[in-house]
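Please read the structure below before turning to the comments.
Each chain gets a letter, A, B and so on, in the order its sequence line appears, and its residues count up from 1. All of these numbers come straight from a predicted model, not from anything done at the bench.
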There are 2 protein chains.
Amino acid sequence: MSDTYHHGNLRQALIEAGIRIINEQGEEALSLRKVAAACEVSHAAPYAHFKDKEELLAAMKSSVTEQFTAKLEQAVEGADGASAAGAEQKILAMGRAYISFFSHNPDYFTFLFGKQKLVAHLRMDEDHEEDYPPFKLLKTVFRQYLKESGRALSPAEQEVGLIKIWSSVHGMAALACMAGVETTIDWEQIKLQ
Amino acid sequence: MSDTYHHGNLRQALIEAGIRIINEQGEEALSLRKVAAACEVSHAAPYAHFKDKEELLAAMKSSVTEQFTAKLEQAVEGADGASAAGAEQKILAMGRAYISFFSHNPDYFTFLFGKQKLVAHLRMDEDHEEDYPPFKLLKTVFRQYLKESGRALSPAEQEVGLIKIWSSVHGMAALACMAGVETTIDWEQIKLQ
DNA sequence: ATTTGCATCTTGACACTGTAAAGATTATGC
DNA sequence: GCATAATCTTTACAGTGTCAAGATGCAAAT
């Protein structure tokens, strides 16, 4: 009868509608039923594509993380051409892009990091292949930096160094994004060692 | 009729039952009705003491934060008597206590910091009196340290220094507590400057 | 001592949530 | 063209937070 019984691309539409809702009303206000309604579909339709509410949330996070990673990669590439300053400049560029991304989409910050899952990715043991992509990128650039500066750090020391950089930048992005805090921090004051 | 119509100290009982539930089943599983049931009280009884579910949650967090702060203060005092090493030792002792506290109560970590509200307290402008108490403590000790070492930092630089210390230790506590990550990091490798 | 007022607690109701089961509708492979 | 699978709707159920109206007990005022 109706020629719109099948949505066509409901899965993607649900992900996008979910992200939109989070940006407009916050994560608290997100319900499966609202997402379904936003796609003009019955409240149980999402279950054809996602086992859970959590599975939809995960897909949404995946999508936002892709955007995030793309910005970081782009920053690294941009710092490559400019001067021949090397890895240190790349790290600084990443930091700038990191903060910039969440300044432009403050709700993404709490969405991605709200449950503090990020730190679970902050480990270097056994060369995880399934690292959190943005962190993996930093890891690569950081190793480059170590090689350039001729420093030889133990794995444990590398871990500490990475955590220092990451958590500092992360903390400042949080500062800048949340609770309406305007910070005048010149974050590049943070030295790499 | 019944001699237990009035509970006696329901408010405190609700807070404690709530914390117990979070420790046993996680924050997701906490509902007002469960907390009420745990106190053998009807499902709407909490509304005599808390306007909201959120207000109960806030009271619970307050309670846990008090325990947390007490441990930190205790560590600072302990480091005072030992050697005459001064503020640097105090900072290190605080870091140790920080990690120790959450290692012993892993669920408190996500409970307190789950929503990332902590960073909202990480600002030094205009000498906030209503600082997050543990952070306020670090602030005090840090200033002591600066005075001792004869360094003169601008407010912005102080802010950066504090964030470096706090977020690094925080990140490592997260590493140690969550996702079953056992870390062998010797966190004292983190230098204060 | 009785009454009055107030804090506390119960009962019942409402809208909303996630999720499951059963059936309708459309697309797809043979 | 038909069977099968994928997609979507309808209906239902147990939980949830919250509110309103009433029951209960305590404490102060008369």
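- Rounded to a whole Å, the CD atom of A/E55 is 14 Å from the C1' atom of C/dT19.
- Partners of A/E40 by side chain to side chain contact (heavy atoms under 4.5 Å, CB included), not counting sequence neighbours: none found.
- Counting heavy atoms from C-beta on, the side chains of B/Y108 and B/I22 never come closer than 4.5 Å.
- The CZ atom of A/R33 lies 9.5 Å from the OG atom of A/S42; values are rounded to the nearest 0.5 Å.
- For the atom pair A/K61 NZ and A/L56 CG, the distance stands at 10.5 Å (nearest 0.5 Å).
- Distance CG (A/N9) to P (C/dA27): 15 Å, rounded to an integer number of Å.
- Proximity of a side-chain donor or acceptor of A/S63 to a complementary backbone N or O of A/A59 within less than 3.5 Å is not detected.
- Computed from C1' positions of five pairs at each end, the angle between the two local axes of the helix from C/dA1-D/dT30 to C/dC30-D/dG1 equals 0°, rounded to 10 degrees.
- Side-chain contact check for A/L57 versus A/F50: every heavy-atom pair is 4.5 Å or farther apart.
- For the pair A/F111 and A/N23, the minimum side-chain heavy-atom distance is 4.5 Å or more.
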Output a table of nitrogen or oxygen pairs between the protein and nucleotides 4-6 of chain D separated by less than 3.5 Å.
none

Can you tabulate the close N/O pairs, meaning under 3.5 Å, that link protein atoms to atoms of nucleotides 17-21 of chain D?
unit_1: D/dG17; atom_1: OP1; unit_2: B/L32; atom_2: N; d: 3.1
unit_1: D/dG17; atom_1: OP1; unit_2: B/K53; atom_2: NZ; d: 3.2
unit_1: D/dG17; atom_1: OP2; unit_2: B/L32; atom_2: N; d: 3.1
unit_1: D/dG17; atom_1: N7; unit_2: B/R33; atom_2: NH1; d: 2.5
unit_1: D/dG17; atom_1: O6; unit_2: B/R33; atom_2: NH1; d: 3.0
unit_1: D/dT18; atom_1: OP1; unit_2: B/D52; atom_2: OD1; d: 3.0
unit_1: D/dT18; atom_1: OP2; unit_2: B/Y47; atom_2: OH; d: 2.9
unit_1: D/dT18; atom_1: OP2; unit_2: B/K53; atom_2: N; d: 3.0
unit_1: D/dT18; atom_1: O5'; unit_2: B/Y47; atom_2: OH; d: 3.2
unit_1: D/dT18; atom_1: O4; unit_2: B/R33; atom_2: NH1; d: 3.3

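- Nucleotide C/dT19 holds its C1' atom 14 Å from the CG atom of A/L56, rounded to whole Å.
- Checked against side chain to side chain contact (heavy atoms under 4.5 Å, CB included), B/Y47 has the following partners two or more places apart in sequence or in another chain: B/L32.
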Contacts under 3.5 angstrom, residues 9-18 of chain B side chains, donor-acceptor by atom type, not counting sequence neighbours:
unit_1: B/Q12; atom_1: NE2; unit_2: B/E16; atom_2: OE2; d: 3.3

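- Taken from NZ in B/K71 to OG1 in B/T69, the straight-line distance is 12.0 Å, to the nearest 0.5 Å.
- One atom, CG of A/L14, and another, P of D/dT7, lie 12 Å apart when rounded to the nearest Å.
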